[in-house]
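Structure record follows, encoded as structure tokens.
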Protein chains: 2
Amino acid sequence: MDIQKRLLPDLTDVLKKRYTILHHISTTGVVGRRALATHLELSERVLRGEVDFLREQGLLETESSGMKLSDSGRQLLEDMEPIVKELLGLSDLEETLRTRFSLRQVVIVPGDSDVSELTKKEVGRAGAAALRRYASKNDVVAVAGGSTLAEVANFLTPSVQMKGCMFVPARGGLGESVELQANSIASTMAKKAGGQYRLLHVPDHLGEEAYVSLMQDPNILEIVEVIRSARIVVHGIGDAMVMARRRKVDSQTIQELMAEGALAEAFGYYFDREGNVVHKMQTVGLRLEDIQETEVVIAVAGGKSKGEAIAAVMKFGHEDVLVTDEAAATELLKFI
Amino acid sequence: MDIQKRLLPDLTDVLKKRYTILHHISTTGVVGRRALATHLELSERVLRGEVDFLREQGLLETESSGMKLSDSGRQLLEDMEPIVKELLGLSDLEETLRTRFSLRQVVIVPGDSDVSELTKKEVGRAGAAALRRYASKNDVVAVAGGSTLAEVANFLTPSVQMKGCMFVPARGGLGESVELQANSIASTMAKKAGGQYRLLHVPDHLGEEAYVSLMQDPNILEIVEVIRSARIVVHGIGDAMVMARRRKVDSQTIQELMAEGALAEAFGYYFDREGNVVHKMQTVGLRLEDIQETEVVIAVAGGKSKGEAIAAVMKFGHEDVLVTDEAAATELLKFI
DNA sequence: TTCATCGGGACATATTTCGTCCCGCACTTT
DNA sequence: AAAGTGCGGGACGAAATATGTCCCGATGAA
């Protein structure tokens, strides 16, 4: 089924549309074209095209009093139920989450990244597709680090609209291992997508005075300017404690994080369950106010265990696109 | 899968097209667009559209030297194999039979009518769809009898292009039970499709002199004229011996049929394995020469046991459309 | 009888698909 | 080194298709 969706992406839409038409007729018994059109929020002409088609297929019959299902139509509707459950399940879930968090788009990949490495890759692929979709020429794309983003980078391919895109790390060093650092990922993405990249080399765990002096370096300042002008931000979402430990944050800070109820982490900021920022890593790059201004913020994260963290970041309220997997999405529902 | 095909009939075509593209690239390694287009017999522009799409999906990559599969492309190709086997199996079979017997169209429904009543109904549905496809306004449609044709009649629905169609029995009484007689079926079809019908009431088992006197009756003559002007003929195909017995043909004739190697029966004629007519039922209506002149001859028959009989009638060589099921089609292959 | 609603015909207009030609580039052959 | 071949991709008009809009006669309810 999802193989078919790879080769025919609008299969879902068409199937869904035709199913809902049949379904609606089934429940109403006999219904007129215009009434049905307004109910399903389809233009009259489009519905008519579909009805003509369904009649050709012998699935419904038209009389002067309206349209009704044929026997085969009723039978088909029954047979479709499992398919539709799977099909509508995900796309309905997408729609639910999209409206709930006021997002522009939600993409849900079947599976659980916690369980299957393959699902994780699929999330990466979907993330890359989303990025391709929203990117346009000469955009500045700021990317965060993490294993999920590394997967996204893997699946990028050269495309027309990403030609000339500039990839930059969203923020400076955060203590990740090299291959998962935002710098590496930005350069990988640029190479894969056929764009430019610029890196931001600053040490991890900056002290206050080091920070101040860094911000006076004209080279650093220039690249930071570029970063802050990003039209697109792509980032992963992590569990606060897991991230803190992986980045070898000192134990005192960990204590503080716990005390503040830090639950999720994204692009160097820590969020509590309500989506409030409770802590930020000391480094340079994108600031919170920049994120709020960014045109397209794409979050990519999957796995059942990350459900709550994703919910927290979504509540933060400045995301535009969420790419996740079925397990995380289902989990996510519990926190809205 | 075949549920999806009901709701999206060109799914097969698209999937097949895209699969063959990927498959071909896979075997060639790296190949250019124009070379590929000529090989696949696609116009360059169409192939290009598909390639653009497949690249968007991350299934193939393009370089200056040509196109090659990406890793996901290779993976997908592998995953598709079972689907394609099922998908291409049938449509390839359709194409093979179509060219082998020089037909205009072959429709194969999955299953075996001998085993499943449902498949038999599906064959009927497909037959009705085929009839709908070839019919145009004010056509004369001659139909034969039999259980399969009865199913076809069941699935007819009113449609624009069949408005005003005239349904007539192909030939007079052949000794069938009432509900399977051509007369009944013609009237059912007319009612279902919203057309007219005229019947031909002549007794079964005509003697020579009765035949001659009948053919002088002006009423009979007139309707026979209409029948012989039919643009479309729809008929089933039966096993010769089974049909002979069902129609209570006298034992002497049965002996003759066996001696002549009669294998198949269609519209009152008996055929041997080579498709030669070895016997005809004594009644009025469509003659062999009329069939040969008819614009669209549609044969509808399914079931593994009928494979050989279908082959015989196909070899007769005056059919245009064959609607059958998977079992019969596979069986059919053995006799070409 | 009136009136609302039905399916379906008709037609101008968006939108997409398709055919065709050309370009610059990389690579091979001469 | 020069010429030739095949590559992907850009461009653009023609053709096909999808869509919005309005109208018509039929049918059934009020």
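Throughout, protein chains are lettered first and strands after them, A, B, ... in sequence-line order, and every chain is numbered starting at 1. What's counted below: heavy atoms across the whole structure, side chains too, no hydrogens, waters or symmetry copies.
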List every contact pair, protein side and nucleotides 12-19 of chain D side both N or O, where the distance is under 3.5 Å.
none

What's the [atom1]-[atom2] distance between [X] and [N], to the nearest Å?
| X | N | atom1 | atom2 | result |
| --- | --- | --- | --- | --- |
| Lys68(A) | dT5(C) | NZ | C1' | 18 Å |
| Phe53(B) | dT17(C) | CZ | C1' | 15 Å |
| Ile21(A) | dG7(C) | CD1 | P | 13 Å |

Checklist entry - Do we see a donor-acceptor contact under 3.5 Å between the side chains of Gln105(B) and Tyr134(B)? => result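 On atom types as modelled, these side chains qualify, holding a pair under 3.5 Å.
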
Ion pair [X]/[Y], N-O distance below 4.0 Å:
| X | Y | value |
| --- | --- | --- |
| Glu50(B) | Arg45(B) | no |
| Glu56(A) | Arg133(B) | no |
| Glu151(B) | Lys120(B) | no |

Checklist entry - Applying the side-chain contact (heavy atoms from CB on, under 4.5 Å) test to Val168(A), which of Leu199(A), Asn183(A), Val226(A) qualifies? => result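 So the option named by the test is Val226(A).
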
Checklist entry - Does atom NE2 of His39(B) have more than 12 heavy-atom neighbours from other groups under 6.0 Å away? => result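 12 or below, so no.
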
Checklist entry - Are the side chain of Thr188(A) and the backbone N or O of Ser184(A) linked by a donor-acceptor pair below 3.5 Å? => result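 Here the side-chain-to-backbone pair exists.
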
Exercise answer: donor-acceptor pairs, residues 70-82 of chain B side-chain atoms, under 3.5 Å, sequence neighbours excluded:
unit_1	atom_1	unit_2	atom_2	d
Ser70(B)	OG	Gly58(B)	O	2.7
Ser70(B)	OG	Leu59(B)	O	3.1
Ser70(B)	OG	Ser72(B)	N	3.4
Ser70(B)	OG	Gly73(B)	N	3.1
Asp71(B)	OD1	Arg74(B)	NH2	3.2
Ser72(B)	OG	Gly58(B)	O	3.4
Gln75(B)	NE2	Asp79(B)	OD1	3.1

Next on the checklist: For a quick check of understanding: with a heavy-atom distance under 4.0 Å over all strands, which category does Val30(B) fall into, base, sugar-phosphate or nothing?
Outcome noted: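 Contact class for Val30(B): none.
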
Next on the checklist: Each nucleotide in nucleotides 22-30 of chain D should get exactly one letter: B, S or -. Can you fill that in based on protein heavy atoms under 4.0 Å?
Outcome noted: -B---S---

